[in-house]
Amino acid sequence: DGPKSDTRLFSYASTWAHRVGALDAAPAFIDLSGERPASTGNRALTLDGLRRFWRDPIKSQLQLLAGIDRSELEDDANRDCEPLRATTDRRERIEWRLGMAALEAGRSELPPTMPDGLAGTGAFAAGAIGASAYAQARGRAQPVLAMAREILGAGARRQAQAVAFECLGMRITGTVNDVLVRADGRCVLLGLSMNRVAEFRDLVPFYLDWAALKLSGIDAEGAFLEFPDKAKAPRDVPLLESIAAQSPEQLRAGIGDLSRQVLDCAGRPLLFAPRTAWAWCSAKAGARWENARSAWEGGNQNTGERDYAPGYAELFARALDFLDGESAASRTFAAACLLVAGVLDPGHRVLLADLHTEAA
């Protein structure tokens with residue numbers, strides 16, 4: 001018994017008695033003691049593939065390298081069933097879709113009732129439950145729309161941009177979808193994080209899109225809003241300035257470093273849990289490991305990253321205490337954090353700010 005016990009897994013059957021403690025004694029799932037040669041057979045990368053990997057590196061490695069797919073164990077795995085809750089699925093990006101539709105239609109206010117086009121998508125439950133979910137989504141999306149209109153002005157429209165650039169001897173191609181074109185023809189790459197502070201899961205994909213646009217010769221401005229508190233308006237992300245200030249040479253080197261991690265992970269696993277890594281990188285030096293452990297393990301009714309359904313993180317890091325600050329696993333995790341923080345914020349003005357102070 002313990003803080004992680006799940007009563008649904010309890011059994012009185014003596015058949016399973018011999019398994020007690022077996023999971024605690026299970027060996028580590030990944031081997032960090034040595035290094036196998038990285039695969040060189042397929043060095044093709046796409047922008048979409050890079051984005052998917054860096055949104056959840058642990059999930060991506062388990063799926064790509066070990067063939068482990070736990071999608072059926074998701075909390076809401078039955079995506080083909082009608083929603084029955086007065087909330088919306090965060091993956092549907094409802095606030096973004098509502099705000100962008102109103103922006104392109106030239107509206108300053110979202111419609112009070114659910115638009116017909118949205119009602120038929122299956123994103124909302126039917127009847128009063130769906131109406132309640134829409135009212136909540138509308139309340140969250142209205143400040144987003146107001147801020148977007150302030151940034152983009154009237155008449156902005158969404159226009160995806162095809163990109164292609166050279167990196168590590170490869171030609172990387174793809175499409176950047178979240179680009180809006182102002183009435184004066186200027187492009188803006190717009191990012192948004194709803195209901196939580198933006199962190200690596202949001203900002204590394206945004207960085208990849210930004211670098212792809214710039215390296216493809218597409219002139220664009222950047223804006224990233226976070227909306228961590230439902231009672232407050234969106235606010236600018238401090239890290240945006242560090243990303244937008246980078247030269248093409250820095251962007252090419254940065255996207256090369258991120259790409260190399262993807263190509264090499266078969267031989268050298270990447271120990272990088274995005275939320276935990278963000279806690280480590282954004283804390284002061286003396287609190288770094290403590291903050292990271294809190295993000296990983298959770299507490300005070302907050303779910304830790306290791307317990308995110310459907311369990312990729314806990315499986316990947318099984319039997320590894322990579323947050324003790326002393327072990328080889330800790331050094332591997334810290335090296336990954338330093339690399340990603342250095343790509344997004346080379347001057348360390350926001351992430352690992354003590355390194356900027358030492359350099360000064």
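Worth knowing before you read on, the calculation uses all heavy atoms, side chains too, and leaves out hydrogens, waters and symmetry mates.
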In the structure I gave you, are the side-chain heavy atoms of Ser193 and Phe227 within less than 4.5 Å of one another anywhere? no

Please give me the minimum heavy-atom distance between Ile172 and Leu50, naming the atom from each residue. CD1-CD1, 4.2 Å

Could you tell me how the ring of Trp289 sits relative to the ring of Phe333: parallel (under 30°), tilted (30 to 60°) or perpendicular (over 60°)? tilted

Hits for salt bridge (Lys or Arg N to Asp or Glu O under 4.0 Å) against Arg149, two or more places apart or cross-chain, chain-then-number order -> none

Hydrophobic cluster membership, with links at side-chain heavy-atom distances under 4.5 Å among I/L/V/M/F/W/Y: are Val181 and Val163 in one? no

At what distance, to the nearest 0.5 angstrom, does CG of Leu270 lie from SG of Cys265? 7.5 Å

Start with the C-alpha distance between Lys59 and Leu62, add both sets of side-chain angles, then the distance that settles side chain to side chain contact (heavy atoms under 4.5 Å, CB included), and finish with yes or no. CA-CA 5 Å; Lys59 174 182 176 180; Leu62 288 175; over 6 Å; no

Going only through I, L, V, M, F, W and Y residues with side-chain contacts under 4.5 Å, is there a path from Tyr207 to Val197? no

When you look at Asp48 and Thr175, which way does the side chain to side chain contact (heavy atoms under 4.5 Å, CB included) test go after all the steps? CA-CA 8 Å; Asp48 185 57; Thr175 302; over 6 Å; no

According to a 4.5 Å side-chain heavy-atom criterion applied to Ile, Leu, Val, Met, Phe, Trp and Tyr, with indirect links allowed, do Met100 and Val188 form part of one hydrophobic cluster? yes

Distance-minimising heavy-atom pair for Asn291 and Ala279: O-CB, 3.7 Å

Side-chain (Arg70) to main-chain (Pro310) donor-acceptor, under 3.5 angstrom: yes

Under 3.5 Å: donor-acceptor pair, side chain of Asp184, backbone of Arg186: yes

To the nearest 0.5 Å, how far apart are CD1 in Ile58 and CZ in Phe53? 10.0 Å

Determine the minimum heavy-atom distance between Gly99 and Leu145, stating which atoms define it. O-CD1, 3.5 Å

Apply side-chain hydrogen bond (donor to acceptor under 3.5 Å, both in side chains) to Glu249 and list each qualifying residue two or more places apart in sequence or on a separate chain. Ser247

Can you check side chain to side chain contact (heavy atoms under 4.5 Å, CB included) on Leu45 and Met170, steps first, answer last? CA-CA 8 Å; Leu45 290 175; Met170 298 177 293; 3.7 Å; yes

Heavy-atom closest pair, residues Phe206 and Ala223: CE1-O, 3.8 Å

Is there a side chain to side chain contact (heavy atoms under 4.5 Å, CB included) between Trp210 and Gln246 once you walk through the steps? CA-CA 10 Å; Trp210 175 260; Gln246 294 187 41; 5.8 Å; no

Would you say that Lys214 contacts Asp209 through its side chain, given a criterion of any heavy-atom pair below 4.5 Å between the two side chains? no

Can you find a heavy atom in the side chain of Tyr134 that is under 4.5 Å from one in the side chain of Pro111? yes

Quick one: are Trp278 and Cys337 in side-chain contact, heavy atoms under 4.5 Å? no

State, with a plain yes or no, whether a side-chain heavy atom of Leu225 is found less than 4.5 Å away from one of Val237. no

Ignoring hydrogens and geometry beyond distance, is a side-chain donor-acceptor pair present between Gln61 and Tyr312 at under 3.5 Å? no

Using every non-hydrogen atom in the two residues, find where Ser60 and Arg52 come nearest and quote the distance to one decimal. OG-O, 3.4 Å

Once the angle between the rings of Phe272 and Phe200 is folded into 0 to 90°, is it parallel (under 30°), tilted (30 to 60°) or perpendicular (over 60°)? tilted

Any side-chain heavy-atom pair from Thr173 and Leu47 closer than 4.5 angstrom? no

Treating Thr332 as the side-chain partner and Ala328 as the backbone partner, does any N or O pair qualify as donor plus acceptor under 3.5 Å? yes

With sequence neighbours excluded, residues passing salt bridge (Lys or Arg N to Asp or Glu O under 4.0 Å) with Arg55: none

Residues in salt bridge (Lys or Arg N to Asp or Glu O under 4.0 Å) with Glu305, at least two apart? none

Would the number of heavy atoms belonging to other residues, nucleotides or ligands and lying under 6.0 Å from CD of Glu166 be above 12? yes

Distance-only polar pair, side chains of Ser327 and Asp324, donor-acceptor under 3.5 Å: yes

Starting at OG1 of Thr276, measure out to CD of Glu297 and round the result to the nearest 0.5 Å. 9.5 Å

Would you give me the side-chain donor-acceptor pairs under 3.5 Å for residues 255-262, sequence neighbours excluded?
from: Asp257; atom 1: OD1; to: Arg260; atom 2: NH1; distance (Å): 3.1
from: Ser259; atom 1: OG; to: Ile255; atom 2: O; distance (Å): 2.7

In this structure, CZ of Arg306 is separated from CZ of Arg318 (nearest 0.5 Å) by 15.0 Å

Asp56 backbone acceptor or donor facing Arg201 side chain under 3.5 Å: no

Interatomic distance, CG@Asp202 vs CG@Leu192, rounded to 0.5 Å, equals 9.0 Å

Residues Leu351 and Leu239: closest non-hydrogen pair is CD1-CD2, 4.0 Å

Report whether Ile218 and Ile243 are members of the same hydrophobic cluster (ILVMFWY, side-chain heavy atoms less than 4.5 Å apart, transitive linking). yes

Would a distance-only check, ignoring hydrogens and angles, find a side-chain to backbone donor-acceptor pair under 3.5 Å from Gln142 to Ser108? yes

Counting the benzene-type ring for Trp, do Trp296 and Phe322 have ring centres under 6.0 Å apart? yes

Between Leu190 and Trp96, is there a side-chain heavy-atom distance shorter than 4.5 Å? yes

Could you please spell out the steps behind the salt bridge (charged side-chain N to carboxylate O under 4.0 Å, His left out) verdict for Glu199 and Arg196? CA-CA 9 Å; Glu199 35 100 333; Arg196 60 181 172 84; 3.6 Å; yes

Does Asp219 CG have over 12 foreign heavy atoms under 6.0 Å away? no

Does Glu104 use its side chain to pair, donor to acceptor, with the backbone of Arg158 at less than 3.5 Å? yes

Gln161 side chain vs Gln159 backbone, donor-acceptor pair below 3.5 Å: yes

Side chains of Leu152 and Leu103: does their closest heavy-atom pair fall under 4.5 Å? yes

Shared ILVMFWY cluster between Val343 and Leu263, side chains joined below 4.5 angstrom? yes

If you look only at pairs with a residue in residues 278-292, which of them pass as a salt bridge (charged side-chain N to carboxylate O under 4.0 Å, His left out), with sequence neighbours excluded? Arg288-Asp354

Validation row, ring centre Phe29 to ring centre Phe316 under 6.0 Å: no

Short N-O contact, Glu226 and Arg235, less than 4.0 angstrom: yes

Salt-bridge contact Asp345-Arg349 (side-chain N to carboxylate O under 4.0 Å): no

Please determine whether a side-chain nitrogen of the Lys or Arg among Glu221 and Arg182 lies less than 4.0 Å from a carboxylate oxygen of the Asp or Glu. yes

